[in-house]
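Written below as C-alpha cells is the structure these notes are about.
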Amino acid sequence: MKKIAFTSLSILMLVSFTFAQKNKNKSVVFKWYSFEEAVELNKKDPKKIFVDVFTDWCGWCKKMDASTFADSIIKSYMAQYYYPVKLNAERKDTVVFNGNTYVNPNPTSTRSSHQLAISLLQGRMTYPSFVILNEKFEILNTIMGYKTAKDLEPILHFFGENAYEKSTYQNYIGTFSGSVKE
C-alpha cells in the first residue's frame, strides 16, 4: 500500500511540475497595433497608447524588437495597460487623426519622415523613440534612444499606473522594484 501511495504521489508531483513548466514557458499573447487600430480601440476601451517610432534601417530598433520587446514581463505589462503601436516614421500613406491629415511629403524618397511621426516626436527625429499618449491622445512623454527591458519597465509602470500624477520620475524610480531580471 505504501508503494502505491508513494508511486501515486510521485506521478502527481511530476505531472504538476510538468504543467507548471509549460505554463511558465507559455508566451504572452501580445499584439502590436497600427496607429489607426489603437485609436479605434481606445474609443471603445480607453487605455494609454505606447508608440514605438521606428524606421526599417534602424539597427537599435531591431535590437529592441529582438530583446526588450521580446521580454515576457514587458509584453504582459504593455498588453494590460497600453495599446502598443508600431509607427514607421517613414510610412508612405495618409493618416487622419484628431481632425488633422498627416502625410509623408516626399513618399518616393528614402528617409522622408511622415508628418505624424514629426508631430509625435515634436521634430526630434531620433530612432528608436517612444511616445506615451494618455487616453485623450495627449502626449505624456517622449523617450529617445535604446532601452533595455530593465530600463523600460519603470517607465511603463510610471505612466501606466498614473504615478506621474503624484510624483516625479526621479522620486518614483527611487522606490520602484521591478520584475525584469537582466
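Computed from a predicted structure; not experimentally measured.
With hydrogens and angles disregarded, a donor-acceptor distance shorter than 3.5 Å links the side chain of Ser67 to the backbone of Lys63. Of the possible donor and acceptor atoms, none in the side chain of Lys147 sits under 3.5 Å from a partner among the backbone N and O of Met64. Asp52 places no side-chain N or O within donor-acceptor distance of the main-chain N or O of Lys86, the cut-off being under 3.5 Å. Side-chain N or O atoms of Asn134 include one that pairs as donor or acceptor with a backbone N or O of Lys136 at under 3.5 Å. Within the 3.5 Å criterion, the main-chain N or O of Pro84 finds no donor-acceptor partner in the side chain of Lys31.
Contact annotation: the side chain of Tyr82 approaches that of Leu156 to within less than 4.5 Å [non-hydrogen atoms, C-beta and beyond]. Ile155 has its side chain within reach of Ile132: a pair of non-hydrogen atoms, C-beta onward, lies under 4.5 Å apart. Side-chain contact between Asn141 and Phe158 is absent, with no heavy-atom pair separated by less than 4.5 Å. Using a 4.5 Å heavy-atom threshold, the side chains of Pro154 and Tyr169 count as touching.
Linking Ile, Leu, Val, Met, Phe, Trp and Tyr whenever their side-chain heavy atoms come within less than 4.5 Å leaves Met144 and Leu152 in two separate clusters.
Here the CZ atom belonging to Arg111 is positioned 10.5 Å from the CG atom belonging to Asp56, to the nearest 0.5 angstrom. Rounding to the nearest 0.5 angstrom, the gap separating the CG atom in Asn104 from the CZ atom in Arg91 is 10.0 Å. How far NE2 of His114 is from CG of Asn88: 9.5 Å, rounded to the nearest 0.5 Å. Between the NZ atom in Lys150 and the OG atom in Ser179 there is a gap of 10.0 Å [rounded to 0.5 Å]. The distance from atom CE of Met78 to atom CG of Asp71, rounded to the nearest 0.5 Å, is 11.5 Å. Taken to the nearest 0.5 Å, the SG atom of Cys61 stands 9.0 Å off from the CZ atom of Phe69.
Scanning all heavy atoms of the two residues, the minimum distance from Ser109 to Lys92 falls at O-NZ, 3.4 Å. Shown here for Thr55 and Ala89, the closest heavy-atom pair between the two residues is CG2-CB, 4.1 Å. A pairwise comparison of heavy atoms in Thr142 and Arg124 identifies CB-NH2, 3.8 Å as the closest pair.
Through direct or relayed side-chain contacts under 4.5 Å between Ile, Leu, Val, Met, Phe, Trp and Tyr, Phe54 connects to no other residue. Through chains of ILVMFWY side-chain contacts below 4.5 Å, Ile139 is grouped with Tyr33, Phe35, Val39, Leu41, Ile49, Val51, Val53, Trp57, Tyr83, Val85, Leu87, Val95, Phe97, Tyr102, Leu116, Ile118, Leu120, Leu121, Met125, Tyr127, Val131, Leu133, Phe137.
Among residue pairs with one or both ends in residues 151-165, those qualifying as side chain to side chain donor-acceptor pair (under 3.5 Å) are Lys48-Asn162, Tyr77-Glu161, Thr148-Asp151, His157-Glu161; sequence neighbours excluded.
By the 30° and 60° cut-offs, the orientation of the rings of Phe50 relative to Trp32 is tilted.
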